[in-house]
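Worksheet: one structure, shown below.
Please read these numbers as outputs of a predicted model, since none were measured by experiment. For this chain, numbers begin at 1 and follow the sequence in order.
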Amino acid sequence: MELPQMSELMGLSLLLGLLALMATAAVARGWLRAEEETCSRSAGQKANGLPLDKSLRSKKQKQYQRIRKEKPQQHNFSHRLLAGALKSHSGNISCMDFSSNGKYLATCADDRTVRIWSTKDFLQREHRSMRANVELDHATLVRFSPDCRAFIVWLANGDTLRVFKMTKREDGGYTFTANPEDFPKKHKAPVINIGIADTGKFIMTASSDTTILIWNLKGHVLSTINTNQMNNTHAAISPCSRFVASCGFTPDVKVWEVCFGKKSDFQEVVRAFELKGHSAAVHFFAFSNDSRRMASVSKDGTWKLWDTDVEYKKQQDPYLLRTGCFEVASAMPCRLALSPDAQVLALASGSSIHLYNTRRGEKEESFEQVHGECITDLSFDITGRLLASCGDRAVRLFHNTPGHRAVVEEMQGLLKRASNESTRQRLQQQLTQAQEALRSLGALKK
């Protein structure tokens, strides 16, 4: 009985083995056939000068390339004085502006949006912003209105001004509505800056030729200024709203007064004074918050601080207070920002920023390769505690340690001369606050 059972088992094993061999052979033939077809297709495409079949690429590779195309790598920057970075734009930021009440920062980029940021979030981990879309165009310049209920932009393709009204919603956000009609086109060269007077009486636009236009708020030109500077590199309205200034190819900064009557009716634009002392073209200038100081940087490789609190109608000229060295200005364009109290000067060239103490003329801080592109705008907030810069898709915020040190020096000097106790207590409080700020940033000098 055992022999027949063994023979049956052996037969069954042989049958199973034969079936396994046949299945293996079939799989192998199918694999070889697929390889031959792939090779012949590739060879045919190469012979005809055609690219390889895209279907041969893996799905992961396609997804990776799509992600790389849609999201360019963000420039990374770190520094002990970096307070934060605002990152919501998908395009490069060209301009920014702090509101007069200090609550908001407006930024515009080539992604066809203007973003309004809350300054109270600047030192937090999350940064909230509200978006205003610029239809069928993008803004290159942006400025808040004095009442912070509107802002104006310069349109890159439209070559004109557009006004956006800000309407507050019940949830605390804003609705942004563009005026039905833009300002008329008047400039014949690219516009380099715009501004609104803090009094709300006029708007300024300046182009790269020699033209500055003074507008009323309804879009009518009140006056045209010919700067006679070969070309304009910068123009701005003073914070006091009395003056409009420009710089360019000539080695000076020219300042005009925009005059209004007692009933706020426009009268005329008259020449006020000039900042003379540079030996080459002036790249940029800025006013202090009270308009009593101005700073300029020139192709001659120097920056200068001026006392402009003068009676120009009595032929009194501005006083030169300080001259500092900034050699890189002789080789490339530069821009600057002056702190509200005129104690700190920020100079930007390429993608780097340098901070100077204007009282001594010494450089105190440097930030290298802050942005992935050249810096396009630079500004202190209204408190002077933070410096903002833009140049790629982010705004970077820096602690103004030179400003805190300047307060310490000033308060220490005033304390020595203080005569009454109440004054001493007030000065001591300001001194302590500045010292604590420096200590928290690890920048208090022993």
Indicate the ring-plane relationship of H234 and F284, choosing parallel, tilted or perpendicular according to the 30° and 60° boundaries.
->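 Correct class here is parallel.
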Which word best sums up how the rings of F151 and F164 line up, parallel for under 30°, tilted for 30 to 60°, or perpendicular for over 60°?
->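 Judged by the thresholds at 30° and 60°, the geometry between F151 and F164 is parallel.
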Salt bridge check, [Y] against [X]: does any charged N sit closer than 4.0 Å to a carboxylate O?
| X | Y | answer |
| --- | --- | --- |
| D265 | K263 | no |
| R293 | D307 | yes |
| R335 | D377 | yes |
| R128 | D121 | yes |
| R405 | E365 | yes |

Is [X] reaching over with its side chain to a backbone N or O of [Y], donor-acceptor style, under 3.5 angstrom?
| X | Y | value |
| --- | --- | --- |
| D111 | H89 | no |
| S330 | K299 | no |
| R115 | M130 | no |
| R393 | K87 | no |
| S246 | T227 | no |
| T308 | S291 | yes |
| T233 | V282 | yes |
| S379 | A388 | no |
| H138 | A156 | no |
| H283 | A329 | yes |

Knowing that exactly one of I375, T107, I93 qualifies, which makes a side chain to side chain contact (heavy atoms under 4.5 Å, CB included) with C390?
->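 Among I375, T107, I93, the one meeting side chain to side chain contact (heavy atoms under 4.5 Å, CB included) with C390 is I93.
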So do the side chains of Y319 and D309 get within less than 4.5 Å of each other, counting heavy atoms only?
->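 Not touching, per the 4.5 Å side-chain cut-off.
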Could you tell me if [Y] and [X] have a donor-acceptor pair between their side chains, going purely by distance under 3.5 Å?
| X | Y | answer |
| --- | --- | --- |
| S351 | Q369 | no |
| S389 | H371 | yes |
| D198 | S241 | no |

Considering only distance and modelled atom types, tabulate donor-acceptor pairs under 3.5 Å from the side chains of residues 176-184, sequence neighbours left out.
residue: D182; atom: OD1; partner: R162; partner atom: NE; Å: 2.9
residue: D182; atom: OD2; partner: R162; partner atom: NE; Å: 3.4
residue: D182; atom: OD2; partner: R162; partner atom: NH2; Å: 3.0

Pair F202 + F266: ring centers closer than 6.0 Å =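 No, the ring of F202 stays outside the 6.0 Å limit from the ring of F266, centre to centre.
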Looking only at heavy atoms, which two atoms of [X] and [Y] are closest? And how far apart?
| X | Y | result |
| --- | --- | --- |
| H354 | S352 | NE2-CB, 4.1 Å |
| I152 | V163 | CG2-CG2, 3.9 Å |
| H75 | V370 | CD2-O, 3.4 Å |
| F326 | V297 | CD2-CG2, 4.2 Å |

Dump the intermediate steps for salt bridge (Lys or Arg N to Asp or Glu O under 4.0 Å) on R360 and E409, then the final yes or no.
-> CA-CA 11 Å; R360 299 188 306 275; E409 293 177 13; 2.5 Å; yes
